[in-house]
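Starting from 1, each residue takes its place in the sequence as its number. Both counts, for ligands and for their atoms, begin at 1 and track the order of listing.
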Amino acid sequence: MSSSRSLARLRNGLIVAATGLGGIWLLIYAGAYDVGADAPHSGPVFRLLDIIRQRSIAVRSADVVPPSDLDDPKRLARGAALYGEMCSGCHLAPGMEASEISQGLYPRAPDFRKGTSLSPQQAFWVIKHGIKMTGMAAWGVTHGDELIWDMVAFVGKLPSLSSADYRAAISNAPQEHEHAMHATGQGEPGGGRQ
Ligand code: HEC
């Protein structure tokens, strides 16, 4: 008696689950979700993606060990060059107007003039691996770990720079950045994850 009742409950549960999944599939197939970058996520989707991003970054960056010389002027100079060349278009910089891409991105790229809430380890992980479906690329595919730490160091300094400081940092910066996996021997695509 009781086993046939629990079988009936199991069957009802399966029917409810299948109906729910079928309903979700119908909504997906009908194109109900707007993937356009000019239509914000609904509240629940936004909160879910935000938790996924935060937990993924926190867990994956937990074992990253930052170098002790993030304040080294040579590191900051290299970081300035890389930032001016590859990052400021989306993340902006002191003295810069909002760019067209920075206004059209969704999610928006954080404006680093206001700093970041990420720790250096977390920033390193994000710069190296990127974030899926956001426009934030995996710079570790083409840059070794040392260059990524240079960028982490410079991003940390950015909020304290005036536009004159920033211009000076960019113009004093080394002109050519080595695309330096080969120079450092690190960061092979698909290689070890730090
Ligand atoms: C094409 C635009 C674009 C470029 C270029 C770009 N980023 Fe990003 N970046 C983004 C977006 C968008 C996000 C936010 C992703 C999100 O909200 O999940 C982001 C997030 C980040 C974060 C996480 C910040 C936080 O507070 O959560 C860091 C660190 C970062 N980028 C560093 C860089 C660096 C360093 C460069 C240059 C090497 C760079 N980005 C180039 C678009 C860009």
**Student:** How far is atom 42 (C) of ligand 1 from its nearest protein heavy atom, and which residue and atom is that?
**Tutor:**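 Nearest protein contact, heavy atoms only, for atom 42 (C) of ligand 1 is Ala109 CB, 3.7 Å.
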**Student:** Does at least one non-hydrogen atom of Ile127 fall below 4.0 angstrom from an atom of ligand 1?
**Tutor:**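 The answer is yes: ligand 1 sits under 4.0 Å from a heavy atom of Ile127.
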**Student:** Donor-acceptor pair, distance only, cut-off 3.5 Å: does the side chain of Thr134 make one with the backbone of Pro107?
**Tutor:**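 Not at all, since once roles are kept as given, no pair shorter than 3.5 Å links the two residues.
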**Student:** In this structure, does ligand 1 have an atom that sits under 4.0 Å from one of the heavy atoms of Tyr83?
**Tutor:**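 No, Tyr83 has no heavy atom closer than 4.0 Å to ligand 1.
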**Student:** Find the distance between NE2 (His91) and OH (Tyr83) and round it off to the nearest 0.5 Å.
**Tutor:**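 If we round to the nearest 0.5 Å, His91:NE2 and Tyr83:OH are 6.0 Å apart.
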**Student:** State if Pro110 counts as touching ligand 1 under the rule of any non-hydrogen atom under 4.0 Å.
**Tutor:**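 So Pro110 counts as touching ligand 1.
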**Student:** Should the pair Arg53-Asp50 be classified as a salt bridge under the 4.0 Å nitrogen-to-oxygen rule?
**Tutor:**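 A salt bridge is present here (some side-chain N lies under 4.0 Å from a carboxylate O).
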**Student:** What protein heavy atom lies closest to atom 17 (O) of ligand 1? Include the residue and the distance to one decimal.
**Tutor:**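 The closest heavy atom on the protein side is Pro107 CG, 3.6 Å.
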**Student:** Going by the order shown, which atoms of ligand 1 are within less than 4.0 Å of some heavy atom of Leu105?
**Tutor:**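 Checking each atom against Leu105, I get 2 (C).
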**Student:** What residue and atom, counting heavy atoms only, is the protein's closest point to atom 33 (C) of ligand 1, and at what distance?
**Tutor:**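 Checking every protein heavy atom, the shortest distance to atom 33 (C) of ligand 1 gives Met136 CE, 3.3 Å.
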**Student:** What part of Met86 sits under 4.0 Å from ligand 1 if we count only heavy atoms: the side chain, the backbone, both or neither?
**Tutor:**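 Both backbone and side chain of Met86 come within 4.0 Å of ligand 1.
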**Student:** Please determine if Arg113 and Asp111 form a salt bridge, counting it only when a charged side-chain N lies under 4.0 Å from a carboxylate O.
**Tutor:**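 Salt bridge flag = yes for Asp111 with Arg113.
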**Student:** Ligand 1 and His91, any nitrogen or oxygen pair closer than 3.5 angstrom?
**Tutor:**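 So ligand 1 has an N or O lying under 3.5 Å from an N or O of His91.
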**Student:** As an exercise, identify every atom of ligand 1 less than 4.0 angstrom from a heavy atom of Leu118.
**Tutor:**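 Reading through ligand 1 atom by atom, the close ones are 23 (C), 24 (C), 25 (C), 26 (O), 27 (O).
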**Student:** I need the nearest protein heavy-atom contact for atom 37 (C) of ligand 1: residue, atom name and distance, please.
**Tutor:**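 For this ligand atom, the closest protein heavy atom is Cys87 SG, 1.8 Å.
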**Student:** Would you tell me whether Ser102 and Ser99 have side-chain atoms, one donor and one acceptor, within less than 3.5 Å of each other?
**Tutor:**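 Yes, side-chain donor-acceptor contact under 3.5 Å.
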**Student:** Fit a plane to each ring of Tyr29 and Trp25, take the angle between them on a 0 to 90° scale, and name the class: parallel (under 30°), tilted (30 to 60°) or perpendicular (over 60°).
**Tutor:**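 Answer is tilted, since the angle falls between 30° and 60°.
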**Student:** Among all protein non-hydrogen atoms, which one is nearest to atom 22 (C) of ligand 1, and what is the separation to 0.1 Å?
**Tutor:**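 The closest one turns out to be Val126 CG1, 3.6 Å.
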**Student:** Measuring from Leu92:CG to Leu158:CG, what's the distance to the nearest 0.5 Å?
**Tutor:**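 Leu92 atom CG to Leu158 atom CG measures 9.5 Å (nearest 0.5 Å).
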**Student:** Among Pro120, Ser99, Cys90, Gly84, which one puts a heavy atom closest to atom 2 (C) of ligand 1?
**Tutor:**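 When every heavy atom of Pro120, Ser99, Cys90, Gly84 is considered, Cys90 comes closest to atom 2 (C) of ligand 1.
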**Student:** Using distance alone, determine whether Arg53 and ligand 1 share an N or O pair under 3.5 Å.
**Tutor:**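 Looking only at distances, the answer is yes, because the N/O contact criterion of under 3.5 Å is met.
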**Student:** Identify whether the distance between the nearest side-chain nitrogen and carboxylate oxygen of Glu146 and Arg78 falls below 4.0 Å.
**Tutor:**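 Looking at Glu146 and Arg78, the cut-off is not met.
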**Student:** Is Lys157 salt-bridged to Asp71, cutoff N-O under 4.0 Å?
**Tutor:**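 Yes, Lys157 and Asp71 are salt-bridged.
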**Student:** With atoms numbered from 1 as shown, which atoms in ligand 1 lie under 4.0 angstrom from a non-hydrogen atom of Thr116?
**Tutor:**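 Atoms satisfying the 4.0 Å criterion: 25 (C), 26 (O).
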**Student:** May I ask you to identify the nearest protein heavy atom to atom 28 (C) of ligand 1, giving residue, atom name and distance to one decimal place in Å?
**Tutor:**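 Checking every protein heavy atom, the shortest distance to atom 28 (C) of ligand 1 gives Phe112 CZ, 3.4 Å.
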**Student:** With salt bridge (Lys or Arg N to Asp or Glu O under 4.0 Å) as the test, would you mind laying out the steps for Asp69 and Lys74 before giving the verdict?
**Tutor:** CA-CA 10 Å; Asp69 62 347; Lys74 284 206 207 99; over 6 Å; no
